[in-house]
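To start, the structure itself, in C-alpha cells.
What you see below is based on every heavy atom in this structure, not just the backbone, and it leaves out hydrogens, waters and symmetry mates.
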Amino acid sequence: MMKTTPKGVVFLLEVLMGFINAIHDLSEGIRLKTPISAFLQDLETKNTKFLEIFIEVDTLEPPMKPIGISKACLVELDSGFSEAQRESILFKALSGNVTWQYSPLYQAGKDLQKKPEESFEKMIPKIRKRVFNDLEKEEIFVENSAEKIEQFLFENRVTLSDLVDTASKTTIVFGIRHHSKCHFPGDLNCFREYFNEKIQRDFKELKQSTKCSICSAETQKVTNLSNIFRFSTFDKPGFLPGTTLKAAHKVFPICESCYRKMMVSRRVIKTSFSNTYTIPSNDPFIEIWIVPEVVGVDSGKKFSKASVLRNFENYIHNNACMREKRMFDALVKQDTNLNFHFLFIEKQQAKEGLMQMIEDVSPSHLKKIQVLWSKNSREFTRSGSESLDTCFSFLRLVYVCDSELKNSYTIEEKFRQQKVVELISRILRKEQINTEILKREFVSRFPKIMHSGNFKKVINNQFRMIEFLEDYNKEVM
C-alpha cells in the first residue's frame with residue numbers, strides 16, 4: 001500500500017473539500033431535539049425483532065437498585081426506525097473492541113436462531129460484560145448490580161428465550177420499570193448523560209486553540225474523520241485521511257459543532273440517499289451512498305442551499321422511482337442546482353470498506369448515459385428500457401454471473417463484483433473503458449458458457465454490453 005506523506009495528505013484534503021462540504025451541508029435546516037440527537041443512529045429493523053426486557057428498580061435516580069425482571073415482550077418494527085424510537089433507545093454503533101455500550105442494549109443477531117434457550121444462557125455473561133459492568137462502574141446502578149441482573153436473566157432464561165422468533169435476528173433492548181411504569185433509556189436523564197459522556201471520548205482537549213478544518217472556528221476541543229467514517233483511516237487506502245485522536249489537531253481537526261453536523265449528515269445519507277439494490281450482494285454487501293451538492297445557489301437568494309437539499313430529500317422520499325428501486329432515474333431528473341458524489345461501500349457486519357469514490361457527477365452526464373442505454377435497448381430488445389438503474393443492473397448481471405440470477409456467488413464472482421464497481425465508477429467519472437480487454441475476458445468464458453442451456457442469450461448480452469460501452473467511449477472522447 002502506498003504511504004501517504006503529510007504534504008500528500010494536505011493535497012488530498014484540498015481536493016476532497018468539496019465532498020466534505022457537501023456532506024456538511026446536508027445537515028442545514030435540520031433541527032435537533034437534544035444535544036445528543038446528532039449522534040443517534042438507526043438500528044437494523046430488516047428481518048430483526050426487538051426483545052424488550054424491563055428491569056424493576058427501587059428509584060429512577062442513580063444509583064438504581066435492580067429488584068428483578070418485571071416485564072418482557074417481543075416487538076417488530078415494520079415501518080423502520082422512527083425519530084421517537086431513535087430518541088428512546090439511544091443507539092450508536094461502536095468502533096473498536098470495547099466493553100461498554102452507549103445504552104443498555106445487546107445485538108444478538110442470529111445467535112438465538114438455533115437452540116434459543118441454550119444460546120441465551122451462553123449469552124448472559126456477555127451481556128453482563130458488555131452492558132452492565134460499565135453501567136455499575138459509572139454508578140447508574142448500585143454496587144453488585146451487574147451480578148444481580150445476570151442472576152435475574154439466568155432465572156428467567158426459559159421465559160425470555162421462549163419469546164424469541166427463531167426466523168428473525170434479535171436485538172435485546174433493556175428498559176427500566178418503576179411503580180408499574182416502563183421507561184426506555186432515552187426517557188431517563190441518567191442514560192442520556194451516560195451516552196453524552198461516552199461521546200466526549202471522541203474528542204481531544206488541546207493546550208492551544210486551533211482552527212476547525214471545516215468551519216474555521218477557533219477551538220481547543222477537536223475530533224477527526226475516523227469517528228464519522230469507519231473507513232476513514234490511514235491503514236485503508238483511497239479515502240479521506242483519518243487520524244489518531246492524538247494527531248487530530250495536526251491533520252484535519254474538527255470542532256464539536258461540525259462533528260455534530262457531519263453525524264447528522266451521515267444519518268441523512270444512510271436513511272435517504274443510499275441503496276443496496278444496484279449491485280446486490282451479501283457477505284459482504286455493497287451499498288451506494290449518494291451525496292448531493294448544491295451548486296450555483298447562494299444563501300442570500302430565494303432558494304438557499306438548505307431549501308434545495310430539503311426539496312431534493314422530499315422528492316427522493318415521495319417519488320415513484322424510489323419505491324420502484326430506481327434511484328439513478330431520480331437523479332437524472334434533477335436540475336443544474338445539484339451535482340452528486342458517489343461512494344461504493346463494502347459492508348461486512350460493523351466493518352466498512354471504501355471501494356470507490358466519484359466526485360462531481362452532474363445530472364446532464366447521467367442523462368447522456370441514459371440516452372445511450374435507451375438507444376442500446378431499442379436495438380437489442382423489443383421493449384427498450386430507458387431506466388439508468390436497469391443499465392447498471394444489466395452491466396453487473398452480465399459481467400458478474402454470466403446472466404444467471406442467483407442468491408450466492410463463487411469467489412470468482414465476488415471478485416467480479418469488485419471489477420464491475422470499478423467499471424460503473426469509470427462511467428460515472430467520464431473515463432474511457434478498455435473494451436478490448438473485456439472482449440478477451442468474455443471470449444475466455446465461452447467454453448464454460450457453451451455448456452449452459454441459455455448460451456445464446458448470454459453471448460448476445462455480452463455483445464450488447466460491449467456495444468453499449470463502445471458507444472459510451474465515443475461520447476466521452
Inset, instruction - Check the pair S272 / E313 against side-chain hydrogen bond (donor to acceptor under 3.5 Å, both in side chains), numbers first and verdict last. - result: CA-CA 7 Å; S272 300; E313 187 175 1; 3.1 Å; yes
Inset, instruction - Please report the C-alpha distance between F340 and I358 in whole Å, then the side-chain angles of each, then the deciding distance to 0.1 Å, and finally whether the side chain to side chain contact (heavy atoms under 4.5 Å, CB included) criterion is met. - result: CA-CA 8 Å; F340 301 101; I358 305 96; over 6 Å; no
Inset, instruction - Show the numbers, then the answer: is there a side chain to side chain contact (heavy atoms under 4.5 Å, CB included) between I427 and V476? - result: CA-CA 9 Å; I427 292 173; V476 298; over 6 Å; no
Inset, instruction - Applying side chain to side chain contact (heavy atoms under 4.5 Å, CB included), run through Q101 and L135 and close with a yes or a no. - result: CA-CA 9 Å; Q101 303 287 323; L135 287 170; over 6 Å; no
Inset, instruction - For the pair L51 and V75, evaluate side chain to side chain contact (heavy atoms under 4.5 Å, CB included) and give the outcome as yes or no after the intermediate values. - result: CA-CA 6 Å; L51 179 58; V75 177; over 6 Å; no
Inset, instruction - Given side-chain hydrogen bond (donor to acceptor under 3.5 Å, both in side chains), test S82 with Q85 step by step and report yes or no. - result: CA-CA 5 Å; S82 68; Q85 287 157 341; 3.1 Å; yes
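Looking only at atom types and distance, the side chain of Q107 has no donor-acceptor partner in the side chain of R130 under 3.5 Å away. Judged purely by distance below 3.5 Å, without hydrogens or angles, the side chains of E287 and T276 never pair a donor atom with an acceptor atom. For the residue pair D134/Y194, the side-chain donor-acceptor check at 3.5 Å is satisfied. Judged purely by distance below 3.5 Å, without hydrogens or angles, the side chains of S425 and E422 never pair a donor atom with an acceptor atom. A donor-acceptor contact closer than 3.5 angstrom links the side chains of S209 and E218. A donor-acceptor contact closer than 3.5 angstrom is absent between the side chains of S168 and N47.
Ring to ring, F184 and F54 are close: their centroids are under 6.0 angstrom apart. Separation of the F312 and F273 ring centroids falls under the 6.0 Å cut-off. Between F203 and Y259, the distance separating the two ring centers is shorter than 6.0 angstrom.
R267 forms no cation-pi arrangement with W289, by the criterion of a distance under 6.0 Å to the ring centre and an angle within 45° of the ring axis.
Relative ring orientation between F468 and W373 is described as perpendicular, the plane-to-plane angle rising above 60° on a 0-90° scale split at 30° and 60°.
Expressed to the nearest 0.5 Å, how far OG of S362 lies from CG of L366 amounts to 6.5 Å. How far SG of C182 is from CZ of R177: 4.5 Å, rounded to the nearest 0.5 Å. Atom CD1 of I23 sits about 14.5 Å away from atom NZ of K261, to the nearest 0.5 Å. Atom-to-atom distance recorded for F195:CZ and F91:CZ is 9.5 Å, nearest 0.5 angstrom.
In terms of modelled atom types and a separation under 3.5 Å, the side chain of Q220 and the main chain of L206 share a donor-acceptor contact. Looking only at distances, no side-chain donor or acceptor of H178 sits under 3.5 Å from a matching main-chain atom of H183. Here the side chain of N339 pairs no donor or acceptor atom with the backbone of P292 at under 3.5 angstrom. Within the 3.5 Å criterion, the main-chain N or O of D360 finds a donor-acceptor partner in the side chain of H341. The main-chain N or O of Q41 is never found under 3.5 Å from a side-chain atom of R86 such that the two would form a donor-acceptor pair. Between the side chain of R416 and the backbone N or O of R396 there is no donor-acceptor pair closer than 3.5 Å. Side chain of T99 to main chain of K129: no donor-acceptor pair is present (N/O by atom type, distance under 3.5 Å, no hydrogens or angles). Panel note: side chain Q356, backbone F344; no donor-acceptor pair is recorded below 3.5 Å.
Listed by first and then second residue, the salt bridge (charged side-chain N to carboxylate O under 4.0 Å, His left out) pairs that reach into residues 365-374 come to none, sequence neighbours excluded.
A side-chain contact (heavy atoms from CB on, under 4.5 Å) with N196 is found for exactly one of E193, Q200, K198, namely Q200.
No more than 12 heavy-atom neighbours from other residues, nucleotides or ligands sit within 6.0 angstrom of NZ on K211. Other residues, nucleotides and ligands contribute at most 12 non-hydrogen atoms within 6.0 Å of the CD atom of E83.
Every side-chain hydrogen bond (donor to acceptor under 3.5 Å, both in side chains) that E256 has, sequence neighbours left out, goes to K221, R260. Scored by the side-chain hydrogen bond (donor to acceptor under 3.5 Å, both in side chains) test, T48 finds no partners at all (sequence neighbours excluded). F392 pairs by the ring pair (Phe, Tyr, Trp, His ring centres under 6.0 Å) definition with F328, not counting sequence neighbours. Checked against side-chain hydrogen bond (donor to acceptor under 3.5 Å, both in side chains), E139 has no partners two or more places apart in sequence or in another chain.
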Contacts table for residues 26-35: side-chain donor-acceptor under 3.5 angstrom, sequence neighbours left out:
{"residue": "S27", "atom": "OG", "partner": "H24", "partner atom": "O", "Å": "2.9"}
{"residue": "T34", "atom": "OG1", "partner": "S37", "partner atom": "N", "Å": "3.4"}
{"residue": "T34", "atom": "OG1", "partner": "S37", "partner atom": "OG", "Å": "2.9"}
{"residue": "T34", "atom": "OG1", "partner": "R192", "partner atom": "NH2", "Å": "2.8"}

